[in-house]
Number of protein chains: 4
Amino acid sequence: MAKTSSSNPRKAAPRGTSGSAPAKSTRAKRSAERRHDILAAALEEFSGHGFEAARLEDVARRAGVAKGTIYLYFADKETLFQELIRWQLTPVVGAFEHATQADVPLRVIADQMIEMFVREIYGTRRKDVIRLIISEGPRFPKLAEFYYHEVLSRMIEAFRSILRRAVARGELKSDVFVKFPQLLVSPGLVAILWNGLFDRFEPLDPRALMRAHFDIILNDGRAA
Amino acid sequence: MAKTSSSNPRKAAPRGTSGSAPAKSTRAKRSAERRHDILAAALEEFSGHGFEAARLEDVARRAGVAKGTIYLYFADKETLFQELIRWQLTPVVGAFEHATQADVPLRVIADQMIEMFVREIYGTRRKDVIRLIISEGPRFPKLAEFYYHEVLSRMIEAFRSILRRAVARGELKSDVFVKFPQLLVSPGLVAILWNGLFDRFEPLDPRALMRAHFDIILNDGRAA
Amino acid sequence: MAKTSSSNPRKAAPRGTSGSAPAKSTRAKRSAERRHDILAAALEEFSGHGFEAARLEDVARRAGVAKGTIYLYFADKETLFQELIRWQLTPVVGAFEHATQADVPLRVIADQMIEMFVREIYGTRRKDVIRLIISEGPRFPKLAEFYYHEVLSRMIEAFRSILRRAVARGELKSDVFVKFPQLLVSPGLVAILWNGLFDRFEPLDPRALMRAHFDIILNDGRAA
Amino acid sequence: MAKTSSSNPRKAAPRGTSGSAPAKSTRAKRSAERRHDILAAALEEFSGHGFEAARLEDVARRAGVAKGTIYLYFADKETLFQELIRWQLTPVVGAFEHATQADVPLRVIADQMIEMFVREIYGTRRKDVIRLIISEGPRFPKLAEFYYHEVLSRMIEAFRSILRRAVARGELKSDVFVKFPQLLVSPGLVAILWNGLFDRFEPLDPRALMRAHFDIILNDGRAA
DNA sequence: GATGAATGAGGGTTCATTCAT
DNA sequence: TATGAATGAACCCTCATTCAT
């Protein structure tokens, strides 16, 4: 009953060019790469098949490691899954919070948000991560909890601060969005879900959808 | 070596209002009841665990039948799942189409839609059926196809006819909704998903959310 | 509760001219027909799939009866199987014994045997019955026992009496066949087995095979 | 919804003489042993119960492995069955072909054949393998095909070359056996089938049977 | 650390048999 | 008698997890 021999290697994969980190022991670097490879492989497999149907053997093969190796880095399938979500979403939250601090007109922010969403979420595997949270969240209370506390509530707070500034500035006549910030992001959600389910029947342009939505709610006459 | 998988009766489901036929033979009635019991049990189990993780043994136990009995009514697990979706959603589409034919002001229709949604979807197991389609749809092309053709496209068409009338009447200045009817229903979707994932952290009143949304897009000054 | 209005029409006329049986109560006649139908259906299914893989549901459907009806006539699947063998083989033994009593030259008898074999065994479902005994016999001791006592030993005895007469008459110089009558029938067996296994690769004419065999062992110069 | 059934090593079977390689890694050796154990266990179970009725759990228990282990070596039950046949029969074909190349009198060859048959087939489990092919072949076209191409046609060819030499030498007056080599082996077949079905009622000495047969067809006066 | 062979519980599906109608 | 819906034991196969090397 080997305890996890721990000294769990650092997160954060070396992204892009391989070893830019200057002074990491080869051991530690290899370890971090392994962990990254496994997470990346898991992303593909969980995205493609869902949690239950994804097979750790396929994750291992895709990562180029043996099945047992996965258990050196992650306690079990469920932990791997949760770490995968964390690994993908944590970076964007920071970027998002940072991007919303600039004091620019609401419409400009909206355009930035749209581009950011399309570039960082819709155009990447993160789209599938969102879908995974929606699909598997109800069966993984801890996952939903992590997502709510570490991602969603921070993003909502960022939104609210933007919105409050916009109301103060008179750009928004109403404060409904402060109360229901979900209304701001719902088109993004719809775009993601539609894409996975119905794009083959009727494609949906996420940018156009979100622009139309902001035109309406910002109510500036462009769409009226 | 494979055998032709045996025949399955698949008697007509008790769509909508129950049996109006006054004199059903006991056999046929029992059969319809069994089918109904199995579908109801499957709804609970699939909702609670998802398609893969739901166990037919639990469905059987919950329905009060033996495991093998399920196979008298449904060819396999997947068929049971699809029939379940069909059984739950087909009736509401008709009701919805009928409800949207009245020639009344858009705001009245909107209020009716909200009430209908809360009563027929959000307040029932149908909410879970929607969630199931979102979760499992990507892995069940036929399911997504059925849902798109038999449910979604019909509902979208109904929406569009309402919206076109509203534009013609001058109630709507823009025709974006005719182009993106998804924007109309996105709050309902958000409400369902939020409910399953985050209600325990921060409850969300679906009626309030949807009303806020319609206030904004109908733009009549109440919320502006 | 409409009962099936029944009056189930009789199946398949009882071979050759229709009703030659003079005075059977309708009940008894119907019952015998049912039994016959089930046996005939079982012959097809067991021949085609073997004992284990044959499904009683298919037997019932083919016989035009309900699954439960089979159990009114036969105790279980195994009994049905054994009765089937008995039903098919009992008649031929008598015919065979009768045919071998004529006091004619051995070669004439041989030719008659060949024709009888081709007509009554190889050209009919009885060929499959033989195969079934070979395939399933080791797992059904009672079946092998029945076959040995009721069929084989009687046929062997008949053969031996022919052979003894032939030896006495000087038609056969040796009495090996009296000791090993199996050598007489082995080509028939080979023909049956070859037919089921390899005919598609290399057809085998049973009549030619058997004639060649008798030419050799009767050693009369035709083939020498 | 189907997954690609995973890979199967299928290391080379220990054909004929065991491992001549002196230094096998323990891993590889254990693997070959396991495969052999499973095949041997499968031989017992399939022989005793037939393909359908044999249970893989019993094979596993007999081989001393877990149920799942079988699937590390064989894709499924059917593959295990076919590999079993191949494993048993391939070696004898080569041995047989080799044995028939000596240019010795026909009667000598015949005696050698008889001894070889009794020693290598009748006295071993290969007898049961032959029975399995006969029993299951009609339901496993691929099995019959393998057997015909890899075993039977090669043996027939070997027989024919012997026979042609014998005809040329004047040892055989007729060439019927060149046309129907089945007639040469039919007593061996009869011996095998008789053994499985009727030996308990009336034992049959395979050697005596085959000698009697060859005496007759070689027609040299010993038996006349 | 890394491997991958081995494990064995678990679940979908089949089908002989029963029994209420 | 006849039916066929219902039963539930049985069995093949999968795959997360372990552990000797």
Side-chain angles (χ1 to χ4, degrees), chain A residues 1-2 5 7 9 27 30-31 34 52-61 65-73 75-78 80, chain B residues 3 5-7 9 25-28 30-31 34 52-60 64-78 80, chain C residues 1 3-4 6 8 27 30-31 34 52-61 65-73 75-78 80, chain D residues 3 5-7 9 25-28 30-31 34 52-60 64-78 80:
Chain A
M1 187 169 293
S5 57
S7 79
R27 267 285 172 76
R30 283 275 297 280
S31 179
R34 278 264 207 274
E52 292 274 354
R55 304 192 303 138
L56 288 192
E57 175 148 10
D58 292 339
V59 172
R61 185 174 13 253
V65 302
K67 241 190 316 178
T69 305
I70 293 175
Y71 288 85
L72 298 175
Y73 292 88
D76 55 18
K77 193 183 183 186
E78 192 172 329
L80 170 59
Chain B
K3 284 284 178 47
S5 86
S6 62
S7 63
S25 88
T26 307
R27 270 282 174 80
R30 279 282 294 281
S31 177
R34 279 269 204 265
E52 294 270 0
R55 304 191 302 132
L56 288 192
E57 180 152 9
D58 293 339
V59 172
V65 301
K67 231 183 339 167
T69 304
I70 294 174
Y71 289 85
L72 295 177
Y73 293 88
F74 305 95
D76 53 20
K77 194 184 184 185
E78 191 172 333
L80 170 60
Chain C
M1 180 173 301
K3 303 230 171 102
T4 56
S6 69
N8 246 335
R27 267 288 172 76
R30 283 276 296 279
S31 178
R34 276 264 205 274
E52 291 273 356
R55 305 192 301 139
L56 288 192
E57 176 149 9
D58 292 339
V59 172
R61 187 176 11 256
V65 302
K67 238 187 322 176
T69 305
I70 294 175
Y71 288 84
L72 297 176
Y73 292 88
D76 54 20
K77 194 184 182 184
E78 193 171 328
L80 170 60
Chain D
K3 284 283 178 47
S5 85
S6 62
S7 65
S25 90
T26 308
R27 268 283 174 76
R30 280 280 297 280
S31 177
R34 279 270 205 265
E52 295 269 0
R55 304 191 302 131
L56 288 193
E57 181 152 7
D58 292 339
V59 172
V65 301
K67 235 188 324 175
T69 304
I70 294 174
Y71 290 88
L72 295 177
Y73 293 88
F74 305 94
D76 54 19
K77 193 184 184 184
E78 192 171 332
L80 170 60

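By convention in this document, chain letters (A, B, ...) are assigned in the order of the sequence lines, proteins followed by strands, and residues within each chain are numbered from 1. These numbers were taken from a predicted model, which means no experiment stands behind them.
With values rounded to the nearest 0.5 angstrom, D/Leu80 atom CG is found 10.5 Å from D/Glu78 atom CD.
Shortest non-hydrogen contact noted between B/Leu56 and B/Ile70 is O-CD1, 3.5 Å.
Qualifying side-chain hydrogen bond (donor to acceptor under 3.5 Å, both in side chains) partners for B/Asp58, counting only residues two or more places apart in sequence or in other chains: B/Arg55, B/Arg61. For B/Ala53, the side chain to side chain contact (heavy atoms under 4.5 Å, CB included) test picks out A/Glu52, B/His49, with sequence neighbours left out. Residues passing the salt bridge (charged side-chain N to carboxylate O under 4.0 Å, His left out) test with B/Lys77, sequence neighbours excluded: none.
Each of D/Val65 and A/Arg34 has a nearest nucleotide on DNA chain E; the 5'-most of these lies closest to A/Arg34.
In this model, the phosphate group of F/dA6 is not approached by any side-chain N or O of B/Tyr71 to a distance below 4.0 Å at OP1 or OP2. The phosphate of F/dA5 has neither OP1 nor OP2 within less than 4.0 Å of any side-chain N or O from B/Arg30. Residue D/Tyr73 places at least one side-chain N or O closer than 4.0 Å to OP1 or OP2 of E/dA6.
In the set E/dT7, E/dA2, F/dA5, the nucleotide with an atom closest to the side chain of D/Thr69 is E/dT7. When the nucleotides E/dT3, E/dT13, F/dT1 are ranked by their closest atom to the side chain of B/Asp76, E/dT13 comes out on top.
Distance CD1 (B/Ile70) to P (F/dA6): 12 Å, rounded to an integer number of Å. Regarding D/Phe74, its CZ atom lies at a distance of 15 Å from the P atom of F/dC12, rounded to whole Å.
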Short N/O separations, protein against nucleotides 9-11 of chain E, under 3.5 angstrom:
| unit_1 | atom_1 | unit_2 | atom_2 | d |
| --- | --- | --- | --- | --- |
| E/dG10 | O6 | D/Lys67 | NZ | 2.9 |
| E/dG11 | OP1 | B/Arg55 | NE | 3.1 |
| E/dG11 | OP1 | B/Arg55 | NH1 | 3.3 |
| E/dG11 | OP2 | B/Arg55 | NH1 | 2.4 |

Parsed dot-bracket for DNA chain F after applying the Watson-Crick and G-U rules with both distances under 3.5 Å and | for other-strand partners is .||||||||||||||||||||
